[in-house]
Amino acid sequence: MRKAVLPLLALALSGVFVPAAWAAKPPVVVELFTAQGCSSCGKANQVAADLAKEDGVLTLTYSVDYWDYLGWKDTFAKTAFADRQRAYAKKFALRDVPTPQVVVGGRVQASGAKAEAAPDLVKTAMRSPINAPDMQVMGKTRVAVGSGPAPRGGGEVWLVRYDPREQDIAVKRGDNKGQTLVHRNVVRELVKLGSWAGRPKLYRLPTAIGADPDLETVILVQGAKGGRILGVLETTKTER
């Protein structure tokens, strides 16, 4: 038994936490930042949709809102998604926020016309070692994150709710007028649950979680302000 599990077992013995079977390695998280009003985003959308079908990969598609001024308001965009992308841009020391942009594991990024480099970045990430903390959703109200090496500057725990279905959006105005763009694993909710300093901690889930049965839930542990992703917990419908 790994030492990282022991603090969570202590919680279990106190009646707070019941550990599940421990996954060998979390999936590689591929985050696509895109916009329906962006003329160069169609290819990146397709790359992300194709990667979503691969084993060991979790693709999350975030629609950003700063392209809406061009005449087409993105049907999925939220300011919170653009804020997440800006945090990555600062972490990667980018001069501008590129659209589209692919971020793999919070470690590396490919921007603009280089989105097709994402599959190779994923293969590299799969070979990289990761010391993920143990994680477990407890009923419908809390999630437990175990101990592990905390990144410099601390960590954060995020709740992501996404629609796993493939969706084709017909754009009627703007630069992509007349085109139909494919979307897969579209993020609809993004909530920061709190900070993580490498010690076991319980986090309360939003009361509205599970309100939309078509959405899947994933919990991410990552370095603060756009750092590398350290842990991934994909929940099942029976856990929500």
Enquirer: Do R84 and L190 touch side chain to side chain, with heavy atoms closer than 4.5 Å?
Expert: yes

Enquirer: Within the distance-only criterion (no hydrogens, no angle test), does the side chain of R86 pair as donor or acceptor with the backbone N or O of V97 below 3.5 angstrom?
Expert: no

Enquirer: Return yes if some donor-acceptor pair links the side-chain N/O of Q222 with the main-chain N/O of G227 below 3.5 Å, else return no.
Expert: yes

Enquirer: Has Y203 got a side-chain atom pairing as donor or acceptor with S195's backbone, closer than 3.5 angstrom?
Expert: yes

Enquirer: Going by atom types only, do N176 and S39 share a side-chain donor-acceptor pair under 3.5 Å?
Expert: no

Enquirer: Given 3.5 Å as the limit, does a donor-acceptor pair link the side chain of K25 with the main chain of G56, or not?
Expert: no

Enquirer: Using a 3.5 Å distance criterion without hydrogens, assess whether the side chain of D214 forms a donor-acceptor pair with backbone atoms of D163.
Expert: no

Enquirer: Does the side chain of S147 come under 3.5 Å of the side chain of R199 through a donor N or O and an acceptor N or O?
Expert: no

Enquirer: Side-chain donor-acceptor pair under 3.5 Å between Y66 and T99, yes or no?
Expert: yes

Enquirer: How about V103 and F33: do any of their side-chain heavy atoms sit closer than 4.5 Å?
Expert: yes

Enquirer: Just by modelled atom types, is the G71 backbone N or O under 3.5 Å from a matching donor or acceptor in the R173 side chain?
Expert: yes

Enquirer: Hey, does the side chain of R161 reach the backbone of L215 with a donor-acceptor pair shorter than 3.5 angstrom?
Expert: yes

Enquirer: Evaluate the criterion side chain to side chain donor-acceptor pair (under 3.5 Å) for residue pair N185 and T59; output intermediate values, then yes/no.
Expert: CA-CA 6 Å; N185 290 8; T59 300; 5.2 Å; no

Enquirer: Is it the case that the side chains of S63 and Q36 hold a donor-acceptor pair, with the cut-off being a distance below 3.5 Å and no angle test?
Expert: no

Enquirer: Using distance alone, with no hydrogens and no angle criterion, decide if E31 and Y88 have a side-chain donor and acceptor under 3.5 Å apart.
Expert: yes

Enquirer: Under a 3.5 Å cutoff, is there a donor and acceptor pairing between the side chains of T180 and D168?
Expert: no

Enquirer: Using atom types as modelled and distance alone, determine if a side-chain donor or acceptor of K192 lies under 3.5 Å from a backbone N or O of V157.
Expert: no

Enquirer: Given the rule in the side-chain contact (heavy atoms from CB on, under 4.5 Å) test, do L60 and L32 qualify, once you have shown the distances and angles that lead to the verdict?
Expert: CA-CA 6 Å; L60 299 172; L32 169 67; over 6 Å; no

Enquirer: Quick one: do E156 and W196 satisfy side-chain contact (heavy atoms from CB on, under 4.5 Å)? Show the steps, please.
Expert: CA-CA 5 Å; E156 299 171 343; W196 181 73; over 6 Å; no

Enquirer: Give me the atom names and distance for the closest heavy-atom approach of Q109 to P98.
Expert: OE1-CG, 4.5 Å

Enquirer: Is there a donor-acceptor contact under 3.5 Å linking the side chains of Y62 and Q101?
Expert: no

Enquirer: Hey, what do you get for CH2 (W67) to OG1 (T34), rounding to the nearest 0.5 Å?
Expert: 9.5 Å

